[in-house]
*Asks:* 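My structure is below; once you've seen it, I'll send some questions.
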Amino acid sequence: MTVRRRAVMAAGGSGGVGGPVKERFGTLADGTPVDRWTVSAGGTRLGVLSYGGIVQSLEVPDRHGRYANVSLGFERLEDYVSRSPYFGAIIGRYGNRIAGGTFTLDGRQYHLPVNDGPNSLHGGTKGFDKRMWDVEPYAQGPGTGLTLRHVSPDGDMGYPGTLRVRVDYVLTPRGDFRIQYEATTDRPTVVNLTHHTYFNLAGEGSGTILDHTLRIAASRYTPVDSTLIPTGELARVAHTPFDFRTAKPIGRDIRDAHPQVLAGSGYDHNFVLDKGLTGTPQHAVTVAEPVTGRVMKIATTEPGVQFYSGNFLDGSLAGTSGKVYRQSDGFCLEAQHFPDSPHHPSFPSTVLRPGETYRSTTVHSFTAR
Ligand code: BGC
């Protein structure tokens, strides 16, 4: 594999529209070239790889107009291929875990690769985060951006049906980063697409995210067993470390001895958004970083969001700017259906049938105050 060292995106001006521009990022072992696309609008600058649809950089200004890359990642393709904990990637076919790597649909049992203890995580051993995507400039509606397409064949990673997937990364004129997913199938299947950017609003490599304040509009969450599979209960967050209904620092209760904090080695839980599954994106989360003043709001059509506080970052990876990532140096907020939904008929369904179109939209808005 050939690799090329890259600095984060420097082009794009402040506020103007730039790109999309395509450059070579590296080459996979089998000779497949991997591109890096850059696009900017409304003060937000995005760098995206055709491998995994990975958001390799996401630059936004602080309250003084100073830019930082607020997404954890690598500068070498080789690191993404060999050791990435899903940094910046599109996750599919199924975000988060399916218990025992098996599910039954219409009376037939399907077997998935088991890659996380006894369970199948993030689509299996070679999920959408490790696949090549066809990328072209986004050409629909307002905004500038990229359209990524991937066709997952029938039986891919054990999942039934040919799944045709389209993901749009759109930057709106005011710099919102909008992710739109669409998928169709030719056999009944299950789908739960999400995105796995690790954020640090002070800039990747700048330390922990424990001082960021977080608000999640969720009165309930899904407690998990020791392998991080939901028990099926929708537990109330009230009087627990999981109560983010009013903004609080991520670190405030992260060392609480609550059994669920212990189970996740911190936060690694699906929050049941009060707004539920919606036809248009509705506000779900606000995160603010006190020193730089950067604020990120998330609106989504999805009924849940997995809040993962970077618990398994262990100091063994050096990121984009050469700094080592340690526990809680980034956080993920993965808007999605609930983990292991195929085993929980009471959860919103993740079944997709021929003739239907899976649609999901999540919008990240950036400001500084
Ligand atoms: C999961 C974590 C997992 C991480 C992988 C998150 O979506 O909830 O349990 O370790 O992805 O980096």
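Keep in mind that what you see is a predicted model, and the values were worked out from it rather than measured. Counting starts at 1 for both ligands and their atoms, following the listed order.
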*Asks:* Taking the six-membered ring for Trp, are Phe338 and His343 closer than 6.0 Å centroid to centroid?
*Replies:* no
*Asks:* Is Glu182 salt-bridged to Arg359, cutoff N-O under 4.0 Å?
*Replies:* yes
*Asks:* If we check ring pair (Phe, Tyr, Trp, His ring centres under 6.0 Å) with Phe74, which of these qualifies: Tyr51, Phe25, Tyr80?
*Replies:* Tyr80
*Asks:* Taking the six-membered ring for Trp and the single ring otherwise, decide whether the centroids of His269 and Phe307 are under 6.0 Å apart.
*Replies:* no
*Asks:* Look at Asp79 together with Arg76 and state whether they make a salt bridge at an N to O cut-off of under 4.0 Å.
*Replies:* yes
*Asks:* Near ligand 1, which residues have a heavy atom under 4.0 Å away from one of its atoms?
*Replies:* Pro85, Tyr86, Asn96, Arg97, His122, His196, Tyr198, Leu228, Asp268, Gln306, Tyr308, Phe312, Glu334
*Asks:* Taking Asp168 first and then Arg178, would you say they form a salt bridge - that is, a charged N and a carboxylate O separated by under 4.0 Å?
*Replies:* no
